[in-house]
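Every value quoted in this text rests on a predicted model; they were computed, and no experiment measured them. Both ligands and their constituent atoms are indexed starting at 1 by order of listing.
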Amino acid sequence: MQLALLQGVLGELVQEGSSVFWLWIGAGGFFLATAWFVYLAATSGGSHTHHYVASTIIVLWAGVWYAIMATGGAISLVSGPGGEPVVYYFGRYIDWTLTTPLLLLGLAWVGLGGTGVGNRSGLIWGLVIADVLMILTGVVAGATTAFVSGLFFVLSTIFFLIVLALVWGPLRSAAQQGEPEGGFGLFYTLATMLTVLWIIYPIVWLIGTEGAGLVTAPIEVFLYAVLDVLAKIAFGAILLGGVRRASGGQQQSGGGSQRRAARVS
Ligand code: RET
């Protein structure tokens with residue numbers, strides 16, 4: 001009986017406003033992006049497969065978790081800033097636990113170039129571990145009472161700063177000194193885009209239902225959906241476009257030499 005009551009409250013809260021609408025828009029966008037990235041992979045000529053695989057997994061995984069949340073899964077109820085019940089979309093964190101390390105891996109692969117990756121496994125592990133800790137401490141920050149929540153928000157932010165320090169410190173110098181895939185310009189564009197977009201996430205968290213409650217749940221869902229689309233689809237499209245152009249040049253010259261070889265024989 002009590003369970004049915006709780007489920008009723010949860011059901012009502014989830015349907016409230018346009019949250020479900022934006023979750024479905026997000027899911028649809030990610031599934032379309034999956035089809036697009038698969039198409040790009042199929043027409044890639046077999047180069048940079050690791051980038052196509054990572055970018056496709058990112059958008060597919062996000063689409064699945066958006067669809068799960070839109071149908072009422074991976075959510076629970078927590079007490080809001082004013083003590084009122086608010087929906088806690090923990091599916092978001094399951095999404096980010098896989099997708100944010102893959103996004104960083106994509107950036108690191110670009111920055112280190114094909115040959116540099118093996119030598120810098122410490123840097124890659126550092127990025128991935130700091131990032132996963134940022135998300136896991138974020139889960140706790142979202143699910144507990146004010147004091148613990150504040151504490152874990154600070155912890156998560158510290159891990160976030162470590163991620164940014166690794167990107168703009170060792171990874172950037174490696175990209176400057178080595179041979180980044182698609183050139184240093186591509187690395188710089190992606191690193192800047194990642195930094196600017198990722199900084200907005202904790203800001204949305206702070207003004208949203210898990211923080212100060214300045215914006216309503218549907219607005220928060222909308223803001224995260226916009227951020228997720230930019231951080232995953234736009235970032236992936238720029239990355240794939242960049243490495244594709246770079247390998248397109250190689251393929252052309254390769255094709256040219258093949259043609260030359262054909263003429264000679
Ligand atoms: C939280 C709250 C606690 C403090 C910090 C956060 C940072 C989250 C970030 C998320 C990035 C998500 C991406 C998703 C998909 O593409 C957990 C919101 C610092 C940076 C890029």
* Residues in ring-ring contact (aromatic ring centres under 6.0 Å, His included) contact with Tyr52, at least two apart in sequence or another chain ->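 Applying ring-ring contact (aromatic ring centres under 6.0 Å, His included) to Tyr52 gives none.
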Taking the six-membered ring for Trp, is the centroid-to-centroid distance between [X] and [Y] below 6.0 Å?
X      : Y      : value
Trp36  : Tyr39  : no
Trp205 : Tyr224 : no
Phe31  : Trp24  : no

* Asked: Which residues satisfy the side chain to side chain donor-acceptor pair (under 3.5 Å) test with Ser55, sequence neighbours excluded?
  ->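 Residues passing side chain to side chain donor-acceptor pair (under 3.5 Å) with Ser55: none at all.
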* Asked: Residues in side-chain contact (heavy atoms from CB on, under 4.5 Å) with Glu84, at least two apart?
  -> Pro81, Val86
Give me the pairs of N or O atoms, one from ligand 1 and one from the protein, that sit under 3.5 Å apart.
| from | atom 1 | to | atom 2 | distance (Å) |
| --- | --- | --- | --- | --- |
| ligand 1 | 16 (O) | Lys232 | NZ | 3.2 |

